[in-house]
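Presented below is the structure to which this report refers.
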Protein chains: 2
Amino acid sequence: MTGFPTAPDKRALEEGEALTPRFDAAGLVAAVATDADTGEVLMLAWMNAEALQKTIDTGEAHYWSRSRQELWHKGATSGQVQQVVELRVDCDQDAVWLKVRPQGDGGACHTGRKSCFYRAVEGGRLVARP
Amino acid sequence: MTGFPTAPDKRALEEGEALTPRFDAAGLVAAVATDADTGEVLMLAWMNAEALQKTIDTGEAHYWSRSRQELWHKGATSGQVQQVVELRVDCDQDAVWLKVRPQGDGGACHTGRKSCFYRAVEGGRLVARP
């Protein structure tokens, strides 16, 4: 079952106790994953209703792969399963924040780095950052 | 000038020094802002090319308001200007991470909280979290 209710009004959306995610036209919410221990931002991805429900049900991060157009159990092939320590929603419930513990080699990025955000903008160029 | 180049190939996109953001069909990239000092995730918003360029040029976070469909200089009316300490891009350059110092009352959320992510999902319900 992946049907989430809709908030009846703005107050319920922002102050209520019901999880009423606002998926966009493509059926997605943005999801940011941080390392539960260090706070580092690991990745930014997307969830549809099924991915969000499976994340809640299993305690492991599931996303929607926009490139492959399929449900994506993070780590199913790479071993980089993300155990969800806490799942939060933002004020208007169109974004979620996952605090996770990365399993396997501890990474999150397909390039082999721990975080996908390994470059900073400096003077108009990208510079590698630990 | 808000024209960003396009990466010629995947290697340039992921390992190159050129900022070549991949805006989606709506012309946007996702932007997550964290508190530069505490690491707390403050908000998740959107940037078009103009917002990204203005953020880089001014050192203050600019977003694209999807609800108002207009450029949004965060804090211009609320005083919650976000001074950008570092701006990062992710591996495939379709998301940015801003480490910011919130000015004014130190908040980021229109509800008055510091962070927009003030509720966690627990047992299928939303619970307030500091």
Side-chain angles (χ1 to χ4, degrees), chain A residues 14-21 24-26 29-35 38-46 52 55-57 66-67 84-99 108-113 115-129, chain B residues 14-21 24-26 29-35 38-46 52 55-57 66-67 84-99 108-113 115-129:
Chain A
E14 295 183 350
E15 304 295 336
E17 293 183 358
L19 177 59
T20 56
D24 67 12
V29 291
V32 56
T34 62
D35 185 297
T38 68
E40 182 180 12
V41 175
L42 299 174
M43 58 186 283
L44 197 147
W46 308 89
L52 178 57
T55 299
I56 293 170
D57 291 345
R66 296 192 301 175
S67 54
V84 178
V85 175
E86 189 176 79
L87 175 65
R88 295 191 178 208
V89 294
D90 74 344
C91 44
D92 59 357
Q93 301 202 39
D94 66 354
V96 301
W97 170 17
L98 300 88
K99 300 180 187 179
C109 185
H110 76 285
T111 66
R113 280 104 166 172
S115 165
C116 295
F117 292 89
Y118 48 84
R119 291 171 296 181
V121 180
E122 278 194 14
R125 307 294 293 171
L126 301 183
V127 179
R129 281 277 174 279
Chain B
E14 294 183 350
E15 305 294 337
E17 293 183 357
L19 176 60
T20 56
D24 68 11
V29 291
V32 56
T34 62
D35 185 297
T38 69
E40 182 181 12
V41 175
L42 300 174
M43 58 185 285
L44 197 146
W46 307 88
L52 178 57
T55 299
I56 293 170
D57 290 346
R66 295 192 302 177
S67 56
V84 178
V85 175
E86 189 176 77
L87 175 65
R88 294 191 180 208
V89 293
D90 73 345
C91 45
D92 58 357
Q93 301 202 39
D94 66 356
V96 302
W97 170 17
L98 299 89
K99 300 181 187 178
C109 185
H110 76 285
T111 67
R113 282 101 166 174
S115 165
C116 295
F117 293 88
Y118 49 83
R119 292 172 296 182
V121 180
E122 279 194 14
R125 308 293 293 172
L126 301 183
V127 180
R129 283 275 175 280

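Just so it is clear, the model here is predicted, and its values are computed rather than measured. Chain letters run A, B, ... following the sequence lines, proteins first, then strands; residues in each count from 1.
- No side-chain heavy atom of B:H110 sits less than 4.5 Å from a side-chain heavy atom of A:D92.
- Only the side chain of A:I56 comes within contact range of chain B, judged by heavy atoms closer than 4.5 Å.
- If you tally non-hydrogen atom pairs under 4.5 Å between each of A:S115, A:A26, A:C116, A:G39 and chain B, the highest count goes to A:C116.
- Proximity to chain B is absent for every atom of A:E122, based on heavy atoms less than 4.5 angstrom apart.
- Interface check for chain A: of the options B:R119, B:R125, B:E15, the most heavy-atom pairs under 4.5 Å are formed by B:R119.
- When all heavy atoms of B:A95 and A:F117 are compared, the closest pair comes out as O-CE2, 3.8 Å.
- Contact of A:E86 with chain B is made through the side chain alone, with heavy-atom distances under 4.5 Å.
- Here A:E40 does not pair with B:K99 in a salt bridge; the nearest charged N to carboxylate O distance is not below 4.0 Å.
- Contact of B:R66 with chain A is made through the side chain alone, with heavy-atom distances under 4.5 Å.
- Between B:A30 and A:L44, the shortest heavy-atom distance links the atoms CB-CD2, 3.8 Å.
- Comparing B:Q93, B:R129, B:E14 by how many heavy-atom pairs each has under 4.5 Å with chain A, the most go to B:E14.
- Here the straight-line distance linking atom CZ of B:R113 with atom SG of A:C91 works out to 9.0 Å at 0.5 Å rounding.
- The shortest side-chain heavy-atom distance between B:V96 and A:V121 does not fall under the 4.5 Å cut-off.
- Closest approach of B:L19 and A:G124 over heavy atoms only: CB-O, 4.4 Å.
- Between the CG atom of A:D90 and the CG atom of B:L42 there is a distance of 12.0 Å, given to the nearest 0.5 Å.
- Highest contact tally toward chain B, considering only A:D94, A:T38, A:V32, is held by A:V32 [criterion: heavy-atom pairs under 4.5 Å].
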